[in-house]
Amino acid sequence: MTPGSPAIKPVPLRRQRDYRFLLSARAVTETGTEVSRLAVPLTAAVLLGASPTEMGVLTAATSLPYLLIGLQAGALADRLRRHRPVMVACDTVSALAMATIPAAWITGLLGVPWLVAVAFVVGTCSVIFRAVNFPHLATVIHESQRTEALAGFQSAFAVATVAGPGLAGLLVQLITAPFAILVDALSFLASAFLIRSIEAPENHTPAAPRGMWTEIREGLGTVAGHPVLRALCAAGVTINFFGSVYMALFVLYALTVVGLPAGLIGAITACFGVGGLLGAAVVPRLTRRFGENRVLACSALLFPVDFVVAALASGPVWRSFLLLAASAVISGVAVVAFAVCMGAITLRETPAELRGRVNATQSFMVQGVLTLGGLAGGLAGELLGLRPVFWISAAGVLTTIVWIWLSPLRHSSLPVPETPDAPAHTG
């Protein structure tokens, strides 16, 4: 099936070879990332004796590239005719960077600065990969199947969230933290191999270069001037800001106020992953029936549940755990539903030549606000107490509905006509 051919119903995603490769690549890298999420901090804190300040720098090194090069990466993505070689290169560089950690440990060269440098390199590769992956998705996946494909990618993330921490803990116990990081290096290599094996021809028309900052301003202006994209970005910023406030305080609150042991807090995280799997399973069906706009608006209504349940948690530990676990499942469903619909709507509303810059602008705003939310949460917790901050955050995150209601997103979106715009390879 090629662009411009007569309308033909696309092959189901599960039978499309290229989609299976993309989904597999996402699954292995997410699992590897979950291993490193535990192994890298353990290496720093336990084996290298990192101070709290060094731990903070290590954490910031991963997200800092979003603020430094996020917008530039989007402009670069729109200039490229082929995105796949860049994705393969990013995965390969990330694999080599992660592999240096156990090598440096063996030779006695490993220190916190080394870990910070690796985190920054991998974070930079992640920013570039995500920037080029978004427009690449439109090349591989038929327009009418993008919501289903995005749900599949979210299900891979949810599975990694459920299984990854347990695998990470087992590997750290068996082979120690530095060598557990090799699993992440291998996952990047596997992803590079899978992406390189995709056969769909890349038919992206590159934007004409007009100067980096001119192109960046074009991306910013597109998001700011488009009522749907502006509302999506504002809603994402609102959700991530108050979500970051919540996450900054939740572990401390669960331990000191609710009295949950660490094991049950980990189980709550797993419940969030279970909710993500449920969301990924039901969202394609819901969007086919109600449209992405309505599903996105309804999912936003569920975001305050976690905050409210946490603020109300009291009494026996078992009761608090059950309530928090149930709210985590609901939150997992809501987060995946919102993320899938946001991605599908962004692809639908953005001109092909601007997809890289629009996606990068959204990532810059939505990911960048996480740092501000964490700082605000810590300060508010000190001044107001933990429980009141959850109530304030519940009210704050509910304002997401205002952004949606004031935009065309309040109207139901019709199903996308099945007019093919990209090849679908089977296998």
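Worth knowing before you read on, the calculation uses all heavy atoms, side chains too, and leaves out hydrogens, waters and symmetry mates.
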Nearest-0.5 Å distance that lies between atom OG1 in Thr256 and atom CG in Leu249: 10.0 Å
Please determine, by modelled atom types, if Trp114 and Thr100 share a side-chain donor-acceptor pair under 3.5 angstrom. yes
Measure from the side-chain N and O atoms of Asp306 to the backbone N and O of Ser331, and report whether any donor-acceptor pair falls under 3.5 Å. no
With a 6.0 Å cut-off (strictly less than), is the heavy-atom count around CZ of Arg130, excluding the residue itself, greater than 12? no
Sole residue of Thr43, Asp184, Thr62 in side-chain hydrogen bond (donor to acceptor under 3.5 Å, both in side chains) with Ser36: Asp184
Between Phe307 and Tyr246, what is the ring plane arrangement, given parallel below 30°, perpendicular above 60°, and tilted in between? perpendicular
Output for pair (Glu349 CD, Leu232 CG), nearest 0.5 Å, gives 8.0 Å
Greater than 12 external heavy atoms within 6.0 Å of Arg196's CZ: no
When rounded to the nearest 0.5 angstrom, what distance separates CD1 in Ile216 from CG in Leu71? 5.5 Å
A quick test of your reading: do over 12 heavy atoms of other residues, nucleotides or ligands sit less than 6.0 Å from CZ of Phe193? no
What's the separation between atom OG1 in Thr287 and atom CZ in Arg289, rounded to the nearest 0.5 Å? 12.5 Å
Evaluate Gln145 against Gln16 for side-chain contact (heavy atoms from CB on, under 4.5 Å), listing each step before the verdict. CA-CA 11 Å; Gln145 295 176 315; Gln16 294 182 26; 2.9 Å; yes
Centroid-to-centroid, Phe364 to Tyr66, below 6.0 Å? no
Are Phe272 and Val335 side-chain neighbours, meaning at least one heavy-atom pair lies under 4.5 Å? yes
Close side-chain approach of Val93 and Thr124, heavy atoms under 4.5 Å: no
Please walk me through it: do Asn133 and Arg26 pass side chain to side chain donor-acceptor pair (under 3.5 Å)? CA-CA 11 Å; Asn133 180 58; Arg26 177 69 177 267; over 6 Å; no
Take the angle between the ring planes of Phe303 and Phe338 and call it parallel below 30°, perpendicular above 60°, tilted in between. perpendicular
Check Ala192 against Val88 and note the closest heavy-atom contact, atom names and distance. O-CG2, 3.7 Å
Given Leu296, Leu347, Ile239, the one that forms side-chain contact (heavy atoms from CB on, under 4.5 Å) with Met342: Leu296
Any donor-acceptor pair under 3.5 Å from Asn240 side chain to Val369 backbone: no
Are any non-hydrogen side-chain atoms of His136 and Ile198 less than 4.5 angstrom apart? yes
